[in-house]
Amino acid sequence: AEASPAWVYPWMNIAVLRARLGLMDGQLFHAYHQAVKTGPWERNTMAPLVSLGATVHRFATPEQKHFIEQYINRVATANGPLIASYLRQRGSRPFICRGLKQMQLTQAYKHICSG
């Protein structure tokens, strides 16, 4: 069996690093998928994964886009204020909200960007 991280943070870090290096490839999207699958309950990963998903969405295949959109909608509905607070602190809320609007994620936009 292939050795791979069993915890959300290494997967998230791999995805974030690949995005920062401009490597919008299958490995980035695999790492993103694994991060979401491995730690959907991890409150500390929700906002960074929403931010990353909104950033890399335009480079994704239709299937990857669907997965990203499902994840963002799910966590935004349950934890919108937490995610909004994180994005505000990082100064990236306007950028991410613009991305959510372009993605036409109306519910996620409402929960994260309104107010």
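Throughout, numbering of the chain's residues begins at 1 and tracks the sequence.
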Query - Same cluster (ILVMFWY, side-chain, under 4.5 Å), Val56 and Phe95 - result: yes

Measure the acute angle between the ring planes of Tyr71 and Tyr32, then classify it against the limits of 30° and 60° as parallel, tilted or perpendicular. perpendicular

What one should report as the nearest heavy-atom pair of Ala54 and Leu100 is CB-CD2, 4.4 Å

Residue pair His30, Trp11: steps toward the side chain to side chain contact (heavy atoms under 4.5 Å, CB included) verdict: CA-CA 9 Å; His30 175 72; Trp11 285 118; 3.8 Å; yes

Taking every heavy atom of Met12 against every heavy atom of Ala35, the minimum-distance pair comes out as N-CB, 3.7 Å

All heavy atoms of Ile72 vs all of Gly53, minimum pair found to be CD1-C, 4.2 Å

Heavy-atom nearest pair, Ala19 first then Leu52, reads CB-CD1, 3.6 Å

In terms of heavy-atom contacts, Tyr9 and Glu42 come closest through OH-OE1, 3.1 Å

Rounding to 0.5 Å, atoms OH (Tyr109) and CD (Gln104) come to a distance of 13.5 Å

So CZ of Arg88 and CD1 of Ile96: to nearest 0.5 Å the spacing works out to 13.5 Å

In terms of heavy-atom contacts, Ala76 and Ile112 come closest through CB-CD1, 3.7 Å

Would the distance check show the side chain of Ser51 and the main-chain N or O of Ala47 forming a donor-acceptor pair, the cut-off being under 3.5 Å?
no

Rounded to the nearest 0.5 angstrom, the CG-OG1 distance for Leu49 and Thr55 is 11.0 Å

Original post:
Out of curiosity, does Leu82 fall in the hydrophobic cluster containing Val75 (side-chain heavy atoms, cut-off under 4.5 Å, transitive links)?
Top reply: no

In this structure, CD of Gln102 is separated from CZ of Arg98 (nearest 0.5 Å) by 7.5 Å

Any Lys110 side-chain heavy atom under 4.5 Å of Thr106 side chain: no

So OH of Tyr86 and OG1 of Thr45: to nearest 0.5 Å the spacing works out to 10.0 Å

Next item on the list: Kindly indicate, with the supporting measurements, whether the criterion side chain to side chain contact (heavy atoms under 4.5 Å, CB included) is fulfilled by Ile68 and Met103.
Entry: CA-CA 10 Å; Ile68 291 168; Met103 292 164 62; 4.3 Å; yes

Does a donor on one side chain sit under 3.5 Å from an acceptor on the other, for Gln64 and His33?
-> no

Check your understanding: Does Val8 share a hydrophobic cluster with Val36, counting links as ILVMFWY side-chain heavy atoms below 4.5 Å and allowing steps through other members?
Key -> yes

Here the gap from Arg74 atom CZ to Met46 atom CE, rounded to the nearest 0.5 Å, amounts to 8.0 Å

